[in-house]
Amino acid sequence: RRLHLMGVNAARVDLQGAATFATVTIPGAFSSPVLVCENISFENCRGEDGAVLRVVGTIGEVVVRQCRFSACQAADDGGAIYAHGASLTIDDCWFERCEAVGDGGAVLAEGGTQALVRRSHFEVCAAEADGGAFCVRGVTVQPVLFESCVFQKNVAWRGGALSALDGADAEVRQCTLAGNSAAAASGGGAFFGSSTASLLNASGCIFWNNSAGGVTHSHLASGMHAINYSTFSGWTLATGPAGVGNNGSDPVFREGALL
């Protein structure tokens, strides 16, 4: 079975919540793909885990494509989307001003969720705990993969942009993480891993003006890092992350586009 939610023609469908928006819950035992959610704008939605979409134990894949999530708030984890033991693809989406009282200001993935996030933008999202934009929690079969994404001005206690907790792994390719901040001094402005079992693989990325505990150019904290061919503000050969081809060259962002 397949459920496909899609905007009509070229127009985007807008779904706005006044106070409480009924979260769409996708249970297990469906064939692939379970849900395709495309060209829909969700605004001012409220919920517990995942104010818009809650995906739990699905056999098939859930695809969220060309959607916009604005000012969505979760009383627990995953300001917009919560996934547990699922297969989730987020493609060409925009998350802004999403918040979670727990982990994952925009998205929380746990329970071995296999997730692919590509060509998506996370801006001004916040979590009171871990992962201002996105949090991965628990051991993953394979790393959660981020490709060609932008994380800008997100905030959290730890992991201003991304957090990987309890053995979770994340792989980040050709992404820009700029102006994100963690309140904790050892929280990692861009990325936080809760232990050495949490691994961040990064290649071809830009880490710029991220901060932790008010200290600028504080990009990474804890976890294990395998980082190559990436650019860091404040980078020096002596203090920069080990790896091949890392540097501190100014990426020269377009004025007003990024920090």
Side-chain angles (χ1 to χ4, degrees), residues 103-109 115 117 120 122-123 125-140 143-251 253 258-259:
D103 298 331
V107 182
L108 185 284
V117 186
S120 294
F122 299 81
E123 182 172 346
C125 295
E128 292 190 16
D130 282 278
F134 202 112
C135 181
V136 189
R137 207 163 57 191
V139 177
T140 48
V144 171
L145 177 59
F146 301 88
E147 289 185 331
S148 303
C149 295
V150 173
F151 299 86
Q152 181 183 10
K153 299 180 181 177
N154 303 289
V155 299
W157 173 247
R158 301 185 304 187
L162 303 171
S163 281
L165 309 178
D166 305 326
D169 295 336
E171 184 167 351
V172 185
R173 302 175 184 168
Q174 287 82 50
C175 291
T176 297
L177 302 93
N180 304 287
S181 61
S186 58
F191 172 83
F192 174 82
S194 63
S195 69
T196 55
S198 296
L199 173 65
L200 171 68
N201 283 296
S203 61
C205 294
I206 298 172
F207 297 85
W208 206 257
N209 287 347
N210 300 293
S211 64
V215 178
T216 56
H217 312 313
S218 181
H219 307 287
L220 311 171
S222 300
M224 294 290 288
H225 309 135
I227 300 175
N228 298 297
Y229 304 106
S230 294
T231 298
F232 293 82
S233 63
W235 182 90
T236 67
L237 186 61
T239 62
V244 178
N246 296 321
N247 64 87
S249 300
D250 190 338
F253 295 128
L258 289 168
L259 296 177

Under 4.5 Å between any side-chain heavy atoms of [X] and [Y], yes or no?
X    : Y    : result
F207 : L220 : yes
W235 : P241 : yes
F191 : L177 : no
F232 : I206 : no
V172 : L162 : yes
L165 : C135 : yes

Inset, instruction - Mind checking side chain to side chain donor-acceptor pair (under 3.5 Å) for N201 and listing every partner two or more places apart, or none if nothing turns up? - result: none
Inset, instruction - Would you please test T176 and W208 for side chain to side chain contact (heavy atoms under 4.5 Å, CB included) and show each step? - result: CA-CA 8 Å; T176 297; W208 206 257; 6.0 Å; no
[X] side chain vs [Y] backbone, donor-acceptor pair below 3.5 Å:
X    : Y    : answer
S163 : D130 : no
S194 : D166 : yes
S198 : G167 : yes
N180 : N154 : yes

Inset, instruction - Could you check N210 against S218 for side chain to side chain contact (heavy atoms under 4.5 Å, CB included), going step by step and ending with a plain yes or no? - result: CA-CA 6 Å; N210 300 293; S218 181; over 6 Å; no
Inset, instruction - State the CG-OG1 distance between N246 and T236, to the nearest 0.5 angstrom. - result: 11.5 Å
Legend entry - Distance (rounded to the nearest 0.5 Å) between S230 OG and Q174 CD: 8.5 Å
Inset, instruction - Please work out which of the three classes, parallel, tilted or perpendicular, describes the rings of F146 and F134, given edges at 30° and 60°. - result: perpendicular
Search all heavy atoms of [X] against all heavy atoms of [Y] and return the closest pair with its distance.
X    : Y    : value
A127 : G104 : CB-N, 3.9 Å
G193 : S222 : O-CB, 2.7 Å
A212 : G189 : CB-N, 3.9 Å
S186 : A221 : O-CB, 3.1 Å
G160 : A182 : N-CB, 4.1 Å

Legend entry - Stepwise side chain to side chain contact (heavy atoms under 4.5 Å, CB included) check, L145 with R173: CA-CA 8 Å; L145 177 59; R173 302 175 184 168; 3.6 Å; yes
Checking [X] now: which residues fulfil side chain to side chain contact (heavy atoms under 4.5 Å, CB included) with it, not counting sequence neighbours?
X    : answer
N247 : T231, S249
T140 : V136, V144, A168, D169
A184 : W157, R158
H217 : N209, H219, S233

Legend entry - E123/K153 ion pair, N-O < 4.0 Å: no
Inset, instruction - With sequence neighbours left out, write down each residue that passes ring-ring contact (aromatic ring centres under 6.0 Å, His included) with F122, or none if nothing qualifies. - result: F95, F151
